[in-house]
There are 2 protein chains.
Amino acid sequence: MTEKNEVRTEENKVISPVVIKRLPRYYRYLGELLKNDVIRISSKELSKKMNVTASQIRQDLNNFGGFGQQGYGYNVEYLYNEIGKILGLDHINNIVIIGAGNLGQALANNQEFDSNGFKIIGLFDVNPRLIGMTVRGVEVYDIDMLEEFLRENDVMIAALTLPASKATKVAGELADLGIKAFWNFAPVDLNLPEDVIVENVHLAESIMTLSYRIHSK
Amino acid sequence: MTEKNEVRTEENKVISPVVIKRLPRYYRYLGELLKNDVIRISSKELSKKMNVTASQIRQDLNNFGGFGQQGYGYNVEYLYNEIGKILGLDHINNIVIIGAGNLGQALANNQEFDSNGFKIIGLFDVNPRLIGMTVRGVEVYDIDMLEEFLRENDVMIAALTLPASKATKVAGELADLGIKAFWNFAPVDLNLPEDVIVENVHLAESIMTLSYRIHSK
DNA sequence: TAGTCTATGTCAAATATTTCACATTTCATT
DNA sequence: AATGAAATGTGAAATATTTGACATAGACTA
């Protein structure tokens with residue numbers, strides 16, 4: 001029996017969420033190395049740069065297969081590409097942003113997403129002052145156009161950058177329209193069907209943990 | 001011997017980071033309950049709402065002392081306030097934002113921070129087109145004014161919403177000026193002295209884990 | 001080509017985290 | 001006032017995660 005939202009490799013092995021969370025960081029460091037024309041790296045060298053244990057790097061990577069070579073280490077470009085594939089960055093992932101305020105615009109302006117295959121193809125808002133404007137070539141549409149837009153475009157992800165008061169309702173509507181993945185910036189927990197994936201970015205929670213660490217010293 | 005960056009209660013007990021990360025979510029749910037005039041709640045009821053185990057809630061809270069009463073449960077307002085104290089939300093935490101682009105402005109506009117005691121008292125940028133403008137009553141200053149500003153104001157936290165290429169250098173300068181806590185939105189790992197606290201918000205890493213879950217189904 | 005050295009992949013041990021289970025306390029009802 | 005039900009706080013068990021250790025494959029040198 002497959003549990004809800006479980007994540008498995010081709011061999012049907014369950015990968016721990018903590019491992020998955022670390023992959024993008026490996027990917028970033030490997031990208032840096034690649035940019036600096038580094039050809040190969042050992043888990044020991046990488047562990048020193050990243051301030052983690054070499055053992056953890058090897059264990060993490062071995063969840064997905066043997067990418068290294070004994071006595072040699074890892075080929076940077078190969079490992080970079082393999083992790084990219086694991087993360088699904090070898091696909092174009094079309095994104096719509098719901099809420100074209102500062103945060104929505106900030107996401108649309110972020111080049112880092114583009115360069116990793118995340119393509120923002122539309123911003124949506126209710127505010128007539130925003131509708132029709134363009135952010136880095138991406139148009140802001142009336143949210144009433146969303147249904148039609150989703151019919152005509154292959155959208156993988158909806159980013160929710162709107163007030164919490166509206167997020168739950170809009171998310172439900174989007175799920176009904178077939179959106180299966182949400183990147184949620186609103187400070188609520190969306191309650192959606194089991195097969196829908198939600199990644200939360202709760203900024204207030206983030207700064208509260210920072211505050212905790214400041215005041216507990 | 002106290003390890004670097006360890007976080008302890010008054011009794012000198014080490015609190016696990018995973019517990020700390022969950023506290024703001026409890027705080028949010030309790031705030032909702034409070035708003036809805038709920039007087040008391042049991043760990044069981046709360047666990048159902050939050051989709052965690054009751055046992056985890058009780059274990060988490062007991063790290064900080066007994067806030068509940070057997071046979072009764074937890075008083076919502078009391079528990080809300082106690083968690084707020086644990087998180088340091090009973091203080092005003094002054095924040096400066098370095099980088100007044102969309103993301104910096106989005107943070108300045110976010111009312112949720114205000115209402116939890118986080119007060120944004122200045123935005124800083126190098127862009128002359130931004131300098132002098134005002135976001136929700138907060139002025140954008142020339143970054144050259146930063147040193148003077150920090151001398152005259154009690155700033156707890158610097159939010160870094162600037163390009164990765166500049167973040168490392170600016171963070172180092174701010175640390176030299178005495179800033180002890182950074183909320184880092186740039187996609188780099190800051191390398192700062194051990195006593196400096198860094199909370200990272202790596203948005204690209206967040207969406208990559210979302211992508212992973214989409215493509216691994 | 002042989003020998004030495006390096007560094008992976010992996011098993012096992014050590015830690016950390018979560019869940020279970022229950023004694024005890026308190027609430028609520030009769 | 002007595003009884004039953006509810007729910008905490010807390011040890012202990014069960015899981016999960018991280019670290020350590022090393023046999024072995026393969027790189028590199030001479």
Side-chain angles (χ1 to χ4, degrees), chain A residues 3 5-9 11 13-23 25-26 30 33 38-80 82-83 86 209, chain B residues 1 3 5-9 11 13-23 25-26 29-30 33 38-80 82-83 86 209:
Chain A
E3 285 297 313
N5 283 334
E6 247 178 27
V7 148
R8 293 156 181 270
T9 57
E11 298 83 9
K13 205 179 90 182
V14 181
I15 308 290
S16 149
V18 297
V19 173
I20 297 166
K21 281 221 201 81
R22 284 193 291 262
L23 292 181
R25 188 157 178 261
Y26 296 142
L30 290 165
L33 291 168
V38 177
I39 303 296
R40 75 183 223 190
I41 193 155
S42 68
S43 59
K44 194 175 166 191
E45 286 174 278
L46 187 57
S47 74
K48 225 177 292 173
K49 277 185 193 295
M50 296 187 63
N51 205 32
V52 298
T53 63
S55 185
Q56 182 165 78
I57 292 174
R58 293 204 299 277
Q59 285 276 30
D60 283 353
L61 296 179
N62 265 91
N63 281 291
F64 303 96
F67 300 128
Q69 204 158 25
Q70 289 178 333
Y72 176 89
Y74 299 90
N75 176 282
V76 172
E77 187 174 6
Y78 174 70
L79 184 56
Y80 177 79
E82 287 301 311
I83 295 179
I86 293 167
T209 66
Chain B
M1 288 284 111
E3 285 296 314
N5 283 335
E6 248 178 27
V7 147
R8 292 155 183 272
T9 56
E11 297 83 11
K13 204 178 88 183
V14 181
I15 308 290
S16 149
V18 296
V19 173
I20 297 165
K21 282 219 202 81
R22 284 193 291 262
L23 293 180
R25 186 154 178 264
Y26 297 142
Y29 273 83
L30 290 164
L33 291 168
V38 177
I39 303 297
R40 76 183 220 192
I41 193 155
S42 68
S43 60
K44 195 175 165 192
E45 285 174 278
L46 187 57
S47 75
K48 225 176 295 175
K49 276 185 194 293
M50 295 187 65
N51 205 33
V52 298
T53 64
S55 184
Q56 182 164 77
I57 293 174
R58 293 203 301 277
Q59 285 277 25
D60 283 352
L61 296 178
N62 265 90
N63 281 291
F64 303 95
F67 299 128
Q69 203 157 23
Q70 289 177 334
Y72 176 88
Y74 300 90
N75 178 281
V76 172
E77 186 172 6
Y78 174 69
L79 185 56
Y80 177 80
E82 287 302 309
I83 296 179
I86 294 167
T209 66

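Naming convention: chains lettered A, B, ... in sequence-line order (proteins, then strands); numbering from 1 in each chain.
- Straight-line distance from the CZ atom of B:Phe64 to the P atom of D:dG9: 14 Å, rounded to whole Å.
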Verdict with reasoning, B:Tyr26 to B:Leu79, per side-chain contact (heavy atoms from CB on, under 4.5 Å) = CA-CA 9 Å; B:Tyr26 297 142; B:Leu79 185 56; over 6 Å; no
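- A straight line from CZ of B:Arg40 to P of C:dT26 spans 14 Å, rounded to a whole angstrom.
- Residue B:Asn63 contributes atom CG, which lies 13 Å from atom C1' of C:dA16 at whole-angstrom precision.
- In terms of polar N and O atoms assigned as donor or acceptor, the side chain of A:Gln70 comes within less than 3.5 Å of the base of C:dT8 in a complementary pairing.
- For A:Ser16, a side-chain nitrogen or oxygen approaches OP1 or OP2 of D:dT17 to under 4.0 Å.
- Nucleic acid contact class of B:Thr53 (heavy atoms, under 4.0 Å, all strands): sugar-phosphate only.
- Among the heavy atoms of the strands lying under 4.0 Å from A:Ser55 is at least one base atom, whether or not backbone atoms are also near.
- What separates CD of B:Gln56 from P of D:dA13 is a distance of 21 Å, to the nearest Å.
- A:Arg40 forms no cation-pi arrangement with A:Tyr74, by the criterion of a distance under 6.0 Å to the ring centre and an angle within 45° of the ring axis.
- One N or O donor and one acceptor, one from the side chain of B:Gln59 and one from the base of C:dT19, sit under 3.5 Å apart.
- Nucleotide D:dA16 holds its P atom 14 Å from the CD1 atom of A:Ile15, rounded to whole Å.
- Note that CD1 of B:Ile57 and CE of B:Met50 are 6.0 Å apart. Values are rounded to the nearest 0.5 Å.
- Between the CG atom of A:Leu61 and the P atom of C:dG9 there is a distance of 8 Å, rounded to whole Å.
- The CG atom of A:Leu79 sits 11 Å away from the P atom of C:dT8 (whole-angstrom rounding).
- In this structure, the nucleotide among C:dT18, D:dA27, C:dG9 sitting nearest to the side chain of A:Gln69 is D:dA27.
- Protein atom CG of B:Asp60 is 7 Å distant from nucleotide atom P of C:dT18, rounded to whole Å.
- Distances shown here put every side-chain N or O of A:Tyr72 at or beyond 4.0 Å from the OP1 or OP2 atom of D:dT24.
- Using a 4.0 Å cut-off, no side-chain N or O of A:Arg58 falls inside it from OP1 or OP2 of C:dG9.
- You'll find the side chain of A:Leu33 reaches within 4.5 Å of the side chain of A:Leu46, heavy atoms only.
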inquiry  = side-chain contact (heavy atoms from CB on, under 4.5 Å), that's the test. Do B:Val52 and B:Arg25 meet it? Break it down for me.
reply    = CA-CA 11 Å; B:Val52 298; B:Arg25 186 154 178 264; 4.0 Å; yes
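- When the nearest nucleotides of DNA chain D are assigned to A:Arg22 and A:Gly71 by heavy-atom distance, the more 5′-ward of the two goes with A:Arg22.
- An OP1 or OP2 oxygen of D:dT8 is reached within less than 4.0 angstrom by a side-chain nitrogen or oxygen of B:Ser43.
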